[in-house]
Novice: 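My questions will all concern the structure given below.
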Amino acid sequence: MSYKTMLDRKELEVELDEYLASKLRDAGYGGMILEKTPLSYKLTIFALRPGLVIGHRGTGIRALTDELAKKYHLENLALSVSEVTVPELNPRIMASRIVQMVERGIPFRRAANNALNTIMEKGALGCEITVAGKLRTERSHTEKFRAGVVPKSGYPAEAAVREAKVNVTLKLGTYGIKVRIVDSTRLRPPVIFKEQPSTSAAAPQSQVGGGAS
């Protein structure tokens with residue numbers, strides 16, 4: 001099987017992400033990055049507890065490398081594990097935390113607001129949490145929880161906004177939990193977002209050059 005087109009590459013990444021999220025749940029899976037070189041693949045896995053991925057004397061990571069290389073036909077796969085030092089700014093981990101709280105019976109609004117406050121307290125510029133599914137009735141709908149500023153387009157959105165979505169199946173059906181976090185450390189130079197107050201009067205314009213007549 002060959003992954004040559006962009007669509008095939010995206011499909012591979014989605015499959016890998018879903019598989020690793022299930023397999024490495026106890027390790028605090030925080031996402032992955034797949035890079036392709038002319039002769040090999042390089043896969044970086046982010047985890048809250050990397051020791052559980054690496055295993056005793058590296059047995060775990062070697063076994064996982066062989067498994068993924070065979071399962072997804074990744075030639076000369078090189079696998080590395082990076083520790084997530086600030087889990088509160090990792091959308092995958094925070095989405096998984098919301099899932100765990102909901103699975104324990106905590107109301108989804110309380111779980112989402114708890115995660116939102118935790119993320120903002122760790123220095124995020126903004127955060128948006130979306131919960132979709134049969135939240136109260138048999139009909140599906142969506143609720144959003146937001147704090148700070150979350151850019152939707154342009155360079156700040158591409159550079160600083162990280163997002164992840166995790167599904168959880170409960171009695172009423174499947175919830176889709178999506179977390180978007182704005183991480184200021186990913187912006188160079190640092191950027192401060194400010195919400196403009198809604199005023200009817202326009203700001204005075206400054207003039208350059210030309211003395212008084």
Side-chain angles (χ1 to χ4, degrees), residues 13-34 43-53 80-136 140-153 156-170 172-187 190-193 195:
E13 291 178 351
V14 171
E15 290 181 7
L16 266 173
D17 185 58
E18 292 178 350
Y19 180 75
L20 291 172
S22 175
K23 187 177 184 65
L24 304 178
R25 180 174 180 176
D26 292 341
Y29 176 70
M32 62 91 188
I33 295 176
L34 180 66
L43 177 64
T44 303
I45 295 175
F46 300 94
L48 188 58
R49 293 175 287 277
L52 294 182
V53 183
S80 62
V81 184
S82 180
E83 182 180 4
V84 177
T85 56
V86 187
E88 294 81 4
L89 296 181
N90 184 289
R92 164 71 70 170
I93 292 177
M94 296 310 296
S96 297
R97 287 186 180 180
I98 296 174
V99 166
Q100 293 169 5
M101 286 189 281
V102 173
E103 287 177 334
R104 295 199 303 266
I106 297 175
F108 72 90
R109 288 193 186 91
R110 179 181 170 188
N113 280 313
N114 180 282
L116 189 68
N117 293 333
T118 300
I119 291 168
M120 296 304 294
E121 288 172 358
K122 280 295 182 178
L125 291 178
C127 176
E128 182 180 86
I129 298 174
T130 304
V131 183
K134 297 178 180 178
L135 307 181
R136 296 190 302 268
S140 297
H141 69 285
T142 301
E143 290 197 21
K144 290 187 177 182
F145 307 83
R146 182 171 175 173
V149 179
V150 182
K152 300 294 185 179
S153 62
E158 295 178 2
V161 178
R162 303 170 62 192
E163 65 178 55
K165 182 178 180 181
V166 177
N167 295 326
V168 55
T169 302
L170 302 175
L172 288 177
T174 300
Y175 285 17
I177 299 173
K178 184 176 181 179
V179 177
R180 306 179 79 236
I181 298 175
V182 186
D183 186 355
S184 63
T185 63
R186 298 169 67 90
L187 292 172
V191 173
I192 299 176
F193 297 111
E195 293 185 355

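These numbers were taken from a predicted model, which means no experiment stands behind them.
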Novice: Going by the rule side chain to side chain contact (heavy atoms under 4.5 Å, CB included), which residues pair with Glu18 if we only count those two or more places apart in sequence or in a different chain?
Specialist: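 Side chain to side chain contact (heavy atoms under 4.5 Å, CB included) list for Glu18, sorted by chain: Val14.
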
Novice: Mind checking what makes side chain to side chain donor-acceptor pair (under 3.5 Å) contact with Glu83, not counting sequence neighbours?
Specialist: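 Testing Glu83 for side chain to side chain donor-acceptor pair (under 3.5 Å), a comparison that skips the adjacent residues, returns none.
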
Novice: Return the CZ to OG1 distance between Arg180 and Thr130, rounded to the nearest 0.5 Å.
Specialist: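 So the gap between those two atoms works out to 8.0 Å.
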
Novice: Quick one: salt bridge (charged side-chain N to carboxylate O under 4.0 Å, His left out) partners of Lys165, sequence neighbours excluded?
Specialist: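 Counting only residues at least two positions away or on another chain, Lys165 forms no salt bridge (charged side-chain N to carboxylate O under 4.0 Å, His left out).
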
Novice: Please give me the minimum heavy-atom distance between Ala27 and Ala47, naming the atom from each residue.
Specialist: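 Residues Ala27 and Ala47, closest heavy atoms: O-CB, 3.7 Å.
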
Novice: What heavy-atom pair brings Ile129 and Ala112 nearest, and what distance separates the two atoms?
Specialist: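 Shortest heavy-atom separation between Ile129 and Ala112 comes out as CD1-O, 3.4 Å.
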
Novice: On a heavy-atom basis, which atom in Val166 and which in Ala95 lie closest, and how many Å separate them?
Specialist: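 Result for this residue pair: CG2-CB, 3.7 Å.
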
Novice: Going by side chain to side chain contact (heavy atoms under 4.5 Å, CB included), name the residues that satisfy it together with Gln100, two or more places apart in sequence or in a different chain.
Specialist: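 Partners of Gln100 under the side chain to side chain contact (heavy atoms under 4.5 Å, CB included) test: Arg25, Arg104.
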
Novice: Side-chain contact, heavy-atom cut-off 4.5 Å: Val182 with Val149?
Specialist: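 With C-beta onward as the side chain, the pair stays apart.
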
Novice: Quick one: pull up CD1 in Ile181 and CG in Leu125 and give me the separation to the nearest 0.5 Å.
Specialist: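 Going from the CD1 atom of Ile181 to the CG atom of Leu125 covers 11.5 Å.
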
Novice: If I take atom CD1 from residue Ile98 and atom CG from residue Asn113, how far apart are they, to the nearest 0.5 angstrom?
Specialist: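 Between Ile98 CD1 and Asn113 CG, I get 9.5 Å after rounding to 0.5 Å.
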
Novice: Looking at Leu16 and Met32, what are the two nearest heavy atoms and their distance?
Specialist: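 Distance-wise, the nearest heavy atoms are CB-CE, 3.9 Å.
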
Novice: I'd like to know whether Ile33 forms a side chain to side chain contact (heavy atoms under 4.5 Å, CB included) with Phe46, so could you lay out the CA-CA distance, the side-chain angles of the two residues, the decisive distance to 0.1 Å, and finally the verdict.
Specialist: CA-CA 8 Å; Ile33 295 176; Phe46 300 94; 3.7 Å; yes

Novice: Using distance only, find each side-chain donor-acceptor pair of residues 87-94 under 3.5 Å and give its atom names and separation, not counting sequence neighbours.
Specialist:
{"residue": "Asn90", "atom": "OD1", "partner": "Arg92", "partner atom": "N", "Å": "3.1"}
{"residue": "Asn90", "atom": "OD1", "partner": "Ile93", "partner atom": "N", "Å": "3.0"}
{"residue": "Asn90", "atom": "ND2", "partner": "Gly30", "partner atom": "O", "Å": "3.0"}
{"residue": "Arg92", "atom": "NH2", "partner": "Asp17", "partner atom": "OD1", "Å": "2.9"}
{"residue": "Arg92", "atom": "NH2", "partner": "Asp17", "partner atom": "OD2", "Å": "2.1"}

Novice: Nearest 0.5 Å, please: how far is CD in Glu128 from CZ in Phe145?
Specialist: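 Phe145 CZ to Glu128 CD: 11.0 Å, rounded to 0.5 Å.
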
Novice: Is it the case that atom CG in Asn117 sees more than 12 heavy atoms from other parts of the structure closer than 6.0 Å?
Specialist: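 Buried by this count: over 12 neighbours within 6.0 Å.
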
Novice: Looking at OG of Ser82 and CD1 of Ile45, how far apart are the two atoms once the value is rounded to the nearest 0.5 Å?
Specialist: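 One finds 11.0 Å between OG of Ser82 and CD1 of Ile45.
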
Novice: Report the distance from atom CZ of Arg162 to atom CG of Asp183, rounding to the nearest 0.5 Å.
Specialist: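 These two atoms lie 6.5 Å from each other.
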
Novice: Mind checking side chain to side chain contact (heavy atoms under 4.5 Å, CB included) for Thr174 and listing every partner two or more places apart, or none if nothing turns up?
Specialist: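 Once residues adjacent in sequence are excluded, the partners of Thr174 under the side chain to side chain contact (heavy atoms under 4.5 Å, CB included) criterion are Asn167, Thr169.
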
Novice: Does anything in residues 110-124 form a salt bridge (Lys or Arg N to Asp or Glu O under 4.0 Å)? List the pairs, not counting sequence neighbours.
Specialist: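 Salt bridge (Lys or Arg N to Asp or Glu O under 4.0 Å) check on residues 110-124 returns no pairs.
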
Novice: So, for Ala111 and Val102, which heavy atoms are closest and what is the spacing to 0.1 Å?
Specialist: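 Where Ala111 meets Val102 most closely, the heavy atoms are CB-CG2, 4.2 Å.
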
